[in-house]
Amino acid sequence: MKVYDISLTLRPRMPVFPGEPAPLLEPTKDMGRGDPYNISRLTITTHTGTHIDAPLHFLPGGASVDQLPVDVLVGPALVVEMAVEQEITAADLQAAAIPPGTERLLFKTRNARLLDDDDFRRDFVYLTLDAARWLVERGVRLVAIDYLSVEKMDAEPNIVHQTLLRAGAVIVEGVDLREVAPGPYFLACLPLKLEGADGSPVRAVLVEM
């Protein structure tokens, strides 16, 4: 059984959304300083690295991350490679011959090469509104992409996010699919159970089926 870790490593120098702080890990107890054990304080936003967007992220009164149904986050998934320059449209999805009944879809794009840049890049591949509607109409329950947003930079009013989240689809951003070939897998993508949170970092893995 082959297991792929598709989570980004959290580190001080990594791409984060503009205006958001990088992760910070600080020792509060240090055996090197004579303490009996090591403990660290982690300072991080809920949308750092590989993370889930809960409906509350963009929908007032929406479900928080601790209210997400676990069965959406674990189960059969499909990795689809999209050879597009900038946008994934409904026409691109139609041409990809995604099997009917696919509930969890991970998009592998040229974004992979952006993950090696410590600075945030604005030229990432994203979903268009008609693509989001296509996914909702076909019952996709989880949508993942290999950079830090499924939506065009500075899009207003974040309609792609809202379209997916209003339909109950979970959004996973920042998956690392560089070592993963297109095809079917078993996905486990579990957030921290943070009460009232709008999102959470995840440790996501794909298992060959």
Side-chain angles (χ1 to χ4, degrees), residues 2-30 32 38-54 56-58 65 73 77 79-88 105-128 131-132 142-156 158 160-161 164-165 170-182 185 187-192 194 197-206:
K2 178 75 172 178
V3 179
Y4 296 91
D5 185 350
I6 59 169
S7 313
L8 297 174
T9 300
L10 300 178
R11 52 191 173 85
R13 287 292 297 165
M14 69 178 300
V16 294
F17 210 77
E20 299 296 328
L24 179 62
L25 189 65
E26 303 171 286
T28 58
K29 299 290 184 182
D30 187 342
N38 294 317
I39 291 183
S40 299
R41 177 190 298 113
L42 175 63
T43 305
I44 194 172
T45 76
T46 51
H47 298 268
T48 300
T50 309
H51 67 274
I52 279 179
D53 287 356
L56 184 59
H57 185 38
F58 282 109
V65 71
L73 309 173
V79 175
V80 178
E81 188 158 16
M82 306 300 293
V84 300
E85 183 56 33
Q86 198 69 59
E87 299 179 333
I88 299 173
L105 200 54
L106 294 81
F107 292 113
K108 180 175 182 173
T109 75
R110 66 165 182 80
N111 288 339
R113 65 176 181 260
L114 306 182
L115 295 175
D116 288 327
D117 195 330
D118 289 342
D119 297 318
F120 183 84
R121 294 282 298 270
R122 293 172 175 263
D123 55 337
F124 57 86
V125 174
Y126 54 84
L127 296 173
T128 60
L142 182 145
V143 178
I145 198 163
D146 53 356
Y147 205 60
L148 301 184
S149 180
V150 296
E151 189 155 19
K152 183 179 181 180
M153 190 67 187
D154 299 322
E156 293 294 341
N158 300 296
V160 169
H161 279 87
L164 294 170
L165 294 172
V170 174
I171 299 171
V172 185
E173 296 167 329
V175 293
D176 185 354
L177 301 174
R178 285 176 287 188
E179 303 300 320
V180 179
Y185 294 88
L187 170 70
C189 179
L190 298 175
L192 297 174
L194 298 170
D198 47 73
S200 170
V202 299
R203 186 68 180 265
V205 299
L206 289 171

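The structure presented is a predicted model; accordingly, all values stated were derived computationally and were not measured.
- Counting all heavy atoms, side chain and backbone alike, P23 lies closest to V16 at CD-CG1, 4.4 Å.
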Starting from the C-alpha separation in whole Å, work towards a yes-or-no answer on side-chain hydrogen bond (donor to acceptor under 3.5 Å, both in side chains) for H47 and D198.
CA-CA 9 Å; H47 298 268; D198 47 73; 2.6 Å; yes
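- Residues passing the salt bridge (Lys or Arg N to Asp or Glu O under 4.0 Å) test with E26 are R41, sequence neighbours excluded.
- Ring pair H161/F58 is tilted by interplanar angle, where 30° to 60° counts as tilted.
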Between I171 and L165, does the side-chain contact (heavy atoms from CB on, under 4.5 Å) criterion hold? Intermediate values first, please.
CA-CA 8 Å; I171 299 171; L165 294 172; 3.8 Å; yes
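- For the atom pair CE (M153) and CG (L148), the distance works out to 10.0 Å, reported to the nearest 0.5 Å.
- Side-chain N or O atoms of S200 include none that pairs as donor or acceptor with a backbone N or O of T46 at under 3.5 Å.
- Annotation: the span from E81 atom CD to L177 atom CG amounts to 9.5 Å, rounded to 0.5 Å.
- Nearest heavy-atom pair, D5 versus V205, reported as atom, atom and distance to 0.1 Å: CA-CG1, 4.2 Å.
- In K108, the NZ atom is crowded: over 12 heavy atoms of neighbouring residues, nucleotides or ligands sit closer than 6.0 Å.
- Remark: side-chain polar atoms of R110 are paired, donor with acceptor, to backbone N or O of E85 under 3.5 angstrom.
- Using a 4.5 Å cut-off on side-chain heavy atoms (C-beta onward), V80 and P182 make no contact.
- With R178 as the fixed residue, the side-chain hydrogen bond (donor to acceptor under 3.5 Å, both in side chains) test singles out one of N111, D116, D146: D116.
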Would L142 and L187 count as a side-chain contact (heavy atoms from CB on, under 4.5 Å) here? Give the steps.
CA-CA 10 Å; L142 182 145; L187 170 70; 3.9 Å; yes
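- Looking at residues two or more places apart in sequence or on another chain, you find a side chain to side chain contact (heavy atoms under 4.5 Å, CB included) between R121 and L114, D117, D123, Y147.
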Go through the steps for L206 and V180 under the test side-chain contact (heavy atoms from CB on, under 4.5 Å), then give the verdict.
CA-CA 9 Å; L206 289 171; V180 179; 3.9 Å; yes
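- Nearest heavy atoms, P27 versus S40: CA-OG, 3.9 Å.
- Contact check for L73 versus P191: side-chain heavy atoms found under the 4.5 Å cut-off.
- Without hydrogens or angle criteria, T28 side chain to I39 main chain gives a donor-acceptor distance under 3.5 Å.
- Between D53 and V170 there is no side-chain heavy-atom pair separated by less than 4.5 Å.
- Partner of I6 under the side-chain contact (heavy atoms from CB on, under 4.5 Å) criterion, chosen from V79, T50, L106, V172: L106.
- The shortest distance between side-chain heavy atoms of I145 and V175 does not fall below 4.5 Å.
- Residue Y126 holds its OH atom at 4.5 Å from NZ of K152, rounded to the nearest 0.5 Å.
- Taken from CD in E151 to CD in E173, the straight-line distance is 9.0 Å, to the nearest 0.5 Å.
- Heavy-atom minimum distance, C189 versus I52: O-CD1, 3.9 Å.
- Residues L127 and A131 share a closest heavy-atom pair of CD2-CB, 4.3 Å.
- When side chains are defined from C-beta on, F124 does not count as touching Q86, because their heavy atoms never get closer than 4.5 Å.
- Under the 4.5 Å side-chain criterion, counting only non-hydrogen atoms from C-beta, P18 is in contact with R122.
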Show your reasoning for whether side-chain contact (heavy atoms from CB on, under 4.5 Å) applies to M14 and T9.
CA-CA 8 Å; M14 69 178 300; T9 300; over 6 Å; no
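- Side-chain contact between T45 and P21 is present, with at least one heavy-atom pair separated by less than 4.5 Å.
- In this structure, the side chains of L10 and I44 come closer than 4.5 Å at one or more pairs of heavy atoms.
- Here CZ of R203 is found 11.0 Å from CG of L8. Values are rounded to the nearest 0.5 Å.
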